[in-house]
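A short write-up of the structure that comes next.
Below, read A as the first sequence line, B as the second, and so on, with proteins coming before strands; counting in each chain starts at 1. Owing to the predicted nature of the structure, the values given are computational and were not obtained by experimental measurement.
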Amino acid sequence: DWDEGPYFQSERGALYDAAAAKLIADGQAYYCDCTRDSLLLRTGDPNRGYDGYCRDRDLGVAPGRALRFRTPDAGATTVVDLIRGRPEFENELLEDFVVVRGDGRAIFLLANVVDDIEMRISLVIRGEEHLPNTPKAQLLWQALGGGDPPTWAHVPVLVNEKRQKLSKRRDKVALEQYRDEGYLAPAMRNYLMTLGWAPPGDVEIVPWTVIEETFRLEDVNSAPAYFDLKKLAAFNGEYIRALAVDEFVDASRPWIAGGAAPWPPERFDPVAFAAMAPLVQERVTTLAEVPRYVDFLFLDDAPIETASWDKAMKGDAAAILDEAAAAYETADWTAESLKEALDAVGQRHGLKLAKAQAPVRVAVTGRTVGPPLFESLALLGRERTLARLRAARERL
RNA sequence: GCCCCCAUCGUCUAGUGGCCUAGGACACCACCCUUUCAAGGUGGCGGCACGGGUUCGAAUCCCGUUGGGGGUGCCA
């Protein structure tokens, strides 16, 4: 949550101009018209930073001339970091870096420092990739008369399976995307907190209030952490199962009630889904998996999957389908008696219920895997169940 | 190249000199339960990168090596 802003650096140019003017007036910055090529010509080393050529040329402002900050030639800059201690940087190794572009716009680093001073920022929390820029920021801070520099906390980066920093281009980093895939915000939040830190005790899945009360930046690890989708999924499954049934139904709505569902919206039956919900809830890892557990209820025909069909429709399948259909014409339409009836069919063929239910399951739901069968049949109703059993029998 | 950061099971972590024959979670394996699949239960596999110190004692402190990551823009 936040309590002010947002601010736009594009609207605060006057502040940055004033800061640049101060640096010039104090002799801490100078204009420079060097290009990359002219620098390389002088140093002959593409790895070397700016050589300070324009330091004393006393160039004035002109289009195309950048403003460079004059870094100290000696001494060291110490950064106070809650997570990393007190890293020290030799000033001598810092090149005179650009703070204002040739077109007059401030570079992010300058804008950032000016904003932080003006907003009286005392603690900066950011990714560790910013650590090497920190001495530059502090030097600018001092040069601008900002007072005591802030305390820093450089948190570890998150890495992918190749242990590279997660990047927008290469990796899936947008939270919206995870939300769209059916991850719950509290699950994501809880999982993220376990990266580089751990709640007290031997539990990782904890209420947010516990995290609020016990989290300390000083306890954060400094090593990069791998973002493990499998573990996130495990957290998400636990959070889904912890939901009250009506909360689960609510949360599932975007995947089942709208146009995104794999069946015509008008065919969706909220009552049937509510009845099925507890059975689905303990089986899914993400909300996006919900539709495939209930689609057989809202589609005209069973959504037969070939692999499932081939696996289940062999051996005594034909006989089982016939006998199940016969028994189901007159059976009480309750999960319990549907189960007993099919169990009896299976026993005639020397099959355990686990085996006997397979052809029926595939005929009716289309897949070998799904919610408990007899509860599903009970909801689907006698008419549609019988129709699907016969359709499957014909297809054999 | 140069600078900086980092290093406990495959992964995320607990551990802040003796409580560690290193604990938990995810993953994996086995078994139990069971109408499929899950969920749940029980058990198992598996780690202090390496080498030197310091100390009565080191996963914990120091140095080095190796390995990994980040930075090095008139990007943010």
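- If you take atom C1' in B:C63 and the same atom in B:U54, they sit 11 Å apart, rounded to whole Å.
- Searching all strands for a Watson-Crick or G-U wobble partner of B:C2 with both distances below 3.5 Å returns B:G71.
- A:Asp26 and A:Lys22 are joined by a salt bridge, as a carboxylate oxygen and a charged side-chain nitrogen come within less than 4.0 angstrom of each other.
- Annotation: cation-pi pair A:Arg12/A:Tyr7 present, NZ/CZ under 6.0 Å from the ring centroid and within 45° of its normal.
- Across B:C9 and B:C26, the matching C1' atoms stand 12 Å from one another, rounded to whole Å.
- Using a 4.0 Å cut-off, some side-chain N or O of A:Lys165 falls inside it from OP1 or OP2 of B:G71.
- Taking every side-chain heavy atom of A:Ala225 into account, B:U13 is the closest of B:U35, B:C6, B:U13.
- When both distances must be under 3.5 Å, the Watson-Crick or G-U wobble mate of B:C26 is B:G10.
- Take A:Arg170 and apply the side-chain contact (heavy atoms from CB on, under 4.5 Å) test, not counting sequence neighbours, and it matches A:Asn160, A:Gln164, A:Ser167.
- Figure legend: cation-pi geometry between A:Lys136 and A:Phe97, with NZ or CZ positioned under 6.0 Å from the six-membered ring centre and within 45° of its axis.
- Base pairing analysis places B:C61 opposite B:G53; the two distances defining the Watson-Crick or G-U wobble pair are each below 3.5 Å.
- For A:Glu204 against B:G24, a side-chain-to-base donor-acceptor contact under 3.5 Å is present.
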